[in-house]
Protein chains: 2
Amino acid sequence: MAAPEKKTRSTAQKALIRDALASETRFVSAKQLHRRLEDDGASVGLATVYRQLNALGRSGDADTITIGETQLFRACAQSEHHHHLVCEHCGTAVEVDPPSEDWMRTVAGSHGFEITHHVFEIFGICADCRAAGTD
Amino acid sequence: MAAPEKKTRSTAQKALIRDALASETRFVSAKQLHRRLEDDGASVGLATVYRQLNALGRSGDADTITIGETQLFRACAQSEHHHHLVCEHCGTAVEVDPPSEDWMRTVAGSHGFEITHHVFEIFGICADCRAAGTD
DNA sequence: CCACTAATGGTAACGTGTTTCATTACTTCT
DNA sequence: AGAAGTAATGAAACACGTTACCATTAGTGG
Ligand SMILES: [Mn+2]
Ligand SMILES: [Mn+2]
Ligand SMILES: [Zn+2]
Ligand SMILES: [Zn+2]
């Protein structure tokens, strides 16, 4: 029973997408990133952007949150489990530590649940956007 | 500047939807509720289910969470702000108190953010579903 | 180079959820 | 009760993010 041995292939598009996401400090959508890529002269298909963004999310190299009906991605500095304080206007995000993982397991266990995952994100308006919005 | 004075009208569908949701202990989607209504013999349009569910959510009479790409609703007993421990298999939910609202405001303020809202839901598998899944 | 096949990209298809608009039926007024 | 006014409904069209399909391109290893 040899391991499935999935061999991945490095392409120009893959690098472009990864780098574009890495250079972004905000949470961005697939469409936004695609827009930026073609603005920079690169030509990458939207389907590929979706594929690679999903791949980055699966491999843990990118965090993802959903705002409204669109999914946003971000290449986070921190690799450990963490959460975010997100500006719902511009997407700027700050990394935040989780609020006691043990407590969750305890309360879940007391109800017979086995935790699979949890979502915890704080949304707000950042100082910049608040200043800009006051006009 | 008198208040907008929106006058609402009571209809049979409105009552049916509200009661159906109230009788449900799980988080349910619009489609699920619509299915159940027509299974019970009632004839209500899907658009109306969406409309009323949204209305209940707006008025605070129903909590809502998003799992995947579909929105789920539940008429919660507790009217104060709270969160949920949700079985991602059957939708059963347990009400849970927030971890510490002050802490959020503090960490947000220290980054210049003004909190608008936050999402915090714990997902897992309930005892029943875990037992049923072991076959 | 060659053969193999992962990856791409344009587009069709999909699933939620919303909007439109003609029709229905609550409310209020007389 | 009857008529008028207008929320509310419902079927279908629409919007939109995301995925599936599939012919074509291009890494990789020999
Ligand atoms: Mn992060
Ligand atoms: Mn609740
Ligand atoms: Zn901002
Ligand atoms: Zn369950």
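Naming: A, B, ... by sequence-line order, numbering from 1 per chain.
Between the P atom of dG9(C) and the CG atom of Leu37(A) lies a distance of 10 Å, rounded to the nearest Å. Separating the CG atom of Leu16(B) from the C1' atom of dA25(C) is a distance of 15 Å, rounded to the nearest angstrom. At whole-Å resolution of the value, NZ in Lys31(B) and P in dG17(C) are 9 Å apart. At whole-Å resolution of the value, CZ in Arg58(B) and P in dG17(C) are 14 Å apart. When rounded to the nearest whole Å, the span between CZ of Arg9(B) and P of dA25(C) equals 13 Å. Taking atom CD of residue Glu69(A) and atom P of nucleotide dT19(C), one finds them 11 Å apart after rounding to whole Å. Straight-line distance from the CD atom of Glu38(A) to the C1' atom of dG10(C): 14 Å, rounded to whole Å. Taking atom NZ of residue Lys7(B) and atom C1' of nucleotide dT28(C), one finds them 8 Å apart after rounding to whole Å.
Side chains of Asp63(A) and His82(A): a donor on one and an acceptor on the other come within 3.5 Å. Counted by atom type alone, Thr8(A) and Lys14(A) present one or more donor-acceptor pairs between their side chains at under 3.5 Å. Side-chain polar atoms of Thr70(B) and Lys31(B) form no donor-acceptor pair below 3.5 angstrom.
Side-chain heavy atoms closer than 4.5 Å link hydrophobic residues (I, L, V, M, F, W, Y) into clusters, and following such links, possibly through other members, connects Phe73(A) to Val44(A).
Contact annotation: Tyr50(B) reaches the phosphate of dG17(C) (side-chain N/O to OP1 or OP2, under 4.0 Å). Note on Gln13(A): a side-chain N or O is less than 4.0 Å away from OP1 or OP2 of dG9(C). For the pair Ser10(B) and dT27(C), the criterion of a side-chain N or O lying under 4.0 Å from OP1 or OP2 is met. In terms of phosphate contacts, Thr8(A) brings a side-chain nitrogen or oxygen within less than 4.0 Å of OP1 or OP2 of dA7(C). For the pair Lys14(A) and dA7(C), the criterion of a side-chain N or O lying under 4.0 Å from OP1 or OP2 is met.
Protein chain B touches strand DNA chain D; the 5'-most and 3'-most nucleotides with an atom under 4.0 angstrom of its non-hydrogen atoms are dG5(D) to dA11(D).
Within the 6.0 Å centre-distance limit, the rings of Phe27(B) and His84(B) are counted as a close aromatic pair.
Interface remark: the Arg51(B) side chain does not form any donor-acceptor pair with the dG17(C) base, using a distance-only criterion of under 3.5 Å.
Annotation: of the two residues near DNA chain C, Ala12(B) and Phe73(B), the 5′-most nearest-nucleotide partner is Phe73(B).
Note on Ser43(B): only backbone sugar-phosphate atoms sit closer than 4.0 angstrom, heavy atoms only; bases stay farther off.
In this structure, the nucleotide among dT19(C), dT16(C), dA7(C) sitting nearest to the side chain of Ala47(B) is dT19(C).
Across Arg36(B), Arg74(B), Gln32(B), a single residue satisfies side-chain hydrogen bond (donor to acceptor under 3.5 Å, both in side chains) together with Glu24(B), and that is Arg36(B).
Partners of Phe120(B) by side chain to side chain contact (heavy atoms under 4.5 Å, CB included), not counting sequence neighbours, listed by chain and number: Trp103(A), Met104(A), Phe120(A), His83(B), Pro99(B), Ile122(B).
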